[in-house]
A.B. asks: 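To start, I am sharing the structure in question, which I have written as structure tokens.
Given the structure is predicted, the values throughout are model-derived calculations rather than measurements.
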Amino acid sequence: MDLLKKNIALSMFIIKEWTTMSVTDVYARAIDFSARHLKDCQSGEIDTGWSAGNDVLNPFFDDSSCRSGENFIFNLRRTERKAPPKLIEAEVERQCRLYMSSHNVMFVPKQTRKDIKADVRQRLDSQAVPVPQWAQVIIDSNCRRVYVLTASATLLDAVILYCAKTFELKLEPVSPTFWAVDERLGNSGWGIGREFLTWCLWQSEKLALSNSLQFSIEAPLDFVYDEEQGFKVGIATDIAAKGDGAPVCNETQSALAGGKTLKKAVLNVVLDKSIWSGTFDAERFVWSSLTLPETESDTVAEIIGEKILLIAELYDLFKQRFHDFAVDYSQDDYQSRRVEWIRNRYMGSTTTEDNETN
């Protein structure tokens, strides 16, 4: 089960609409939209459907395979029987050489090459091994949220679609714009997520951390330019810098001074002795290589339940920190304080370099 892995990807959704149904109805709906057995996947099509939470190859649903307390756990699986493009290309070239040799010609007509390619693709696709991709989907009924263990945009779109038509769940992805509206930040666009992550770097360096909750940033850091420089945040146009090593370095300083904001970084969320750590995408609000705090349970069932609670706690901590940012961001002197922070970073790094030189 993906949830039991040390590192996971994580995307979070709010359930905006939910038609209440019994557990029996939930499993019946899942059966109606279940994935086929791999051997039944046809070439030239993508089979999409549900499989059991504890076994991505099993389209059988009951409490033992799909439940953890009040939570449902499924896998949404997409399977495609498709030959690798390079193999198709090589076989097409081989068939073209055979055609030229048998017809004693120097080239293959364009239409003939198209026909050869179509025949080769159909033949090799039918012989190919079905390749499944999947996303583990956790429906948190207590918090009215859905947690999806993937950062793939394709799989996330499929989850939204299948949750709607299978369980009549309308999902709203947790994103910068979702919380920006919720916290009355106005029409700031998805760039507000990058400003938030940059603010987390600022606060961790200034040690302006509330109580025992800390959001700290580690390298590597990915910065992007904004089309609108200064206080307003626009759409990213280009990857501008990647920092290796400590966040306080010349490359990071140049990126901040040049008006860039953080797009991705290793983000640590610390509460007392609990640590959540992973690479965070500030534009999409999704995690990759996320490590949850250590669990204290002994059985697999208990570990799964505890990990779901840790994911729910991360959501709450994250929203709390975003609210802190929203309050600070709305202050009249936010921009001037931000500029001062960047200037002080430069002064600090210059002093350190001078001391090392001497």
A.B. asks: Aromatic ring centroids of Phe13 and Phe178 under 6.0 Å?
C.D. replies: no
A.B. asks: For the pair Arg67 and Asp62, evaluate salt bridge (Lys or Arg N to Asp or Glu O under 4.0 Å) and give the outcome as yes or no after the intermediate values.
C.D. replies: CA-CA 8 Å; Arg67 289 272 274 182; Asp62 61 13; over 6 Å; no
A.B. asks: Taking all non-hydrogen atoms of both residues into account, name the closest pair between Arg284 and Ser152 and its distance.
C.D. replies: NH2-C, 4.2 Å
A.B. asks: Salt-bridge test for Asp47 and Arg81: reply yes if a basic N is under 4.0 Å from a carboxylate O, no otherwise.
C.D. replies: no
A.B. asks: Tell me, do Tyr315 and Ile14 make a side-chain contact under 4.5 Å, heavy atoms counted?
C.D. replies: yes
A.B. asks: Would you say the ring centroid of Tyr334 lies under 6.0 angstrom from that of Trp202?
C.D. replies: yes
A.B. asks: Quick check: Trp199 with Phe325 (ring centres under 6.0 Å apart)?
C.D. replies: yes
A.B. asks: Strictly by ring pair (Phe, Tyr, Trp, His ring centres under 6.0 Å), give each pair with a member in residues 77-101 just once, sequence neighbours left out.
C.D. replies: Tyr99-His103
A.B. asks: May I ask you to decide whether Arg113 forms a salt bridge with Glu93, counting only side-chain N to carboxylate O separations under 4.0 Å?
C.D. replies: yes
A.B. asks: Write down the atom of Ser11, the atom of Leu156, and the distance for their closest heavy-atom approach.
C.D. replies: OG-CD1, 3.5 Å
A.B. asks: Examine the side chains of Ser297 and Glu306 and answer whether a donor and an acceptor come within less than 3.5 Å of each other.
C.D. replies: yes
A.B. asks: Please say which of Thr261, Asp222, Asp281 ends up in a side chain to side chain donor-acceptor pair (under 3.5 Å) with Arg194.
C.D. replies: Thr261
A.B. asks: Donor-acceptor check, side chain of Gln95 to backbone of Val120, threshold 3.5 angstrom: yes or no?
C.D. replies: no
A.B. asks: Quick one: list whatever passes salt bridge (Lys or Arg N to Asp or Glu O under 4.0 Å) with Arg97, sequence neighbours left out.
C.D. replies: none
A.B. asks: Find out whether Val146 and Val148 are in side-chain contact, i.e. whether some heavy atom of one side chain is under 4.5 Å from a heavy atom of the other.
C.D. replies: yes
A.B. asks: Would you call Arg29 and Glu168 a salt bridge, taking side-chain N to carboxylate O under 4.0 Å as the test?
C.D. replies: yes
A.B. asks: Taking all atoms of both residues into account, what is the closest heavy-atom pair of Ser216 and Ser204, and its distance?
C.D. replies: CA-CB, 3.9 Å
A.B. asks: I'd like to know if Arg321 and Asp324 make a salt bridge, using a cut-off of under 4.0 Å between side-chain N and carboxylate O.
C.D. replies: yes
A.B. asks: Is it true that Asn54 and Ser65 share a donor-acceptor pair across their side chains at a distance under 3.5 Å?
C.D. replies: no
A.B. asks: Between Phe318 and Phe196, is the ring centroid distance below 6.0 Å?
C.D. replies: yes
A.B. asks: Just checking, is any N or O donor in the side chain of Arg338 or Ser336 under 3.5 Å from an acceptor N or O on the other one?
C.D. replies: no
A.B. asks: Do you see a donor-acceptor pair shorter than 3.5 Å between the side chains of Asn268 and Gln214?
C.D. replies: no
A.B. asks: Just to verify, what does Glu313 make a salt bridge (Lys or Arg N to Asp or Glu O under 4.0 Å) with, not counting sequence neighbours?
C.D. replies: none
A.B. asks: Provide the closest heavy-atom pair for Phe74 versus Ala30 in the form atom of the first, atom of the second, distance.
C.D. replies: CE2-CB, 3.9 Å
A.B. asks: Let me know which of Phe167, Phe60, Phe33, Tyr27 forms a ring pair (Phe, Tyr, Trp, His ring centres under 6.0 Å) with Trp50.
C.D. replies: Phe167
A.B. asks: More than 12 heavy atoms of other residues, nucleotides or ligands under 6.0 Å from NZ of Lys165: is that the case?
C.D. replies: yes
A.B. asks: A side-chain contact here means heavy atoms from C-beta on lying under 4.5 Å apart; do Glu205 and Ile217 qualify?
C.D. replies: no
A.B. asks: With no hydrogens and no angle check, just 3.5 Å: does a side-chain donor-acceptor pair link Ser274 and Asp272?
C.D. replies: no
A.B. asks: Could you tell me whether Asp40 and Arg36 have a side-chain N and a carboxylate O separated by less than 4.0 Å?
C.D. replies: no
A.B. asks: Applying salt bridge (Lys or Arg N to Asp or Glu O under 4.0 Å), can you list everything that pairs with Asp298, at least two apart in sequence or on another chain?
C.D. replies: none
A.B. asks: Using a 4.5 Å cut-off on heavy atoms from C-beta on, say whether the side chain of Arg144 contacts that of Asp140.
C.D. replies: no
A.B. asks: According to salt bridge (Lys or Arg N to Asp or Glu O under 4.0 Å), who are the partners of Glu340, at least two apart in sequence or on a separate chain?
C.D. replies: Arg343
A.B. asks: Salt bridge or not for Lys6 and Glu294, using N-O below 4.0 Å?
C.D. replies: no
A.B. asks: Report the relative orientation of the aromatic rings in Phe280 and Trp287; use parallel for angles under 30°, tilted for 30 to 60°, perpendicular for over 60°.
C.D. replies: tilted
A.B. asks: Starting from the C-alpha separation in whole Å, work towards a yes-or-no answer on salt bridge (Lys or Arg N to Asp or Glu O under 4.0 Å) for Lys86 and Glu91.
C.D. replies: CA-CA 9 Å; Lys86 289 292 185 181; Glu91 180 62 15; over 6 Å; no
A.B. asks: Of all the heavy-atom pairs spanning Pro293 and Leu310, show the shortest one and how long it is.
C.D. replies: O-CD1, 3.6 Å
A.B. asks: Just distance, no hydrogens or angles: give the donor-acceptor pairs under 3.5 Å from side chains in residues 125-136, sequence neighbours left out.
C.D. replies:
unit_1: Asp125; atom_1: OD1; unit_2: Ala83; atom_2: N; d: 2.8
unit_1: Ser126; atom_1: OG; unit_2: Gln122; atom_2: O; d: 3.3
unit_1: Ser126; atom_1: OG; unit_2: Arg123; atom_2: O; d: 2.6
unit_1: Trp134; atom_1: NE1; unit_2: Asp2; atom_2: OD2; d: 3.0
unit_1: Gln136; atom_1: OE1; unit_2: Leu3; atom_2: N; d: 3.0
unit_1: Gln136; atom_1: NE2; unit_2: Gly53; atom_2: O; d: 3.1

A.B. asks: Please report the closest heavy-atom contact between Ala151 and Val286, naming both atoms and the distance.
C.D. replies: CB-CG2, 4.2 Å
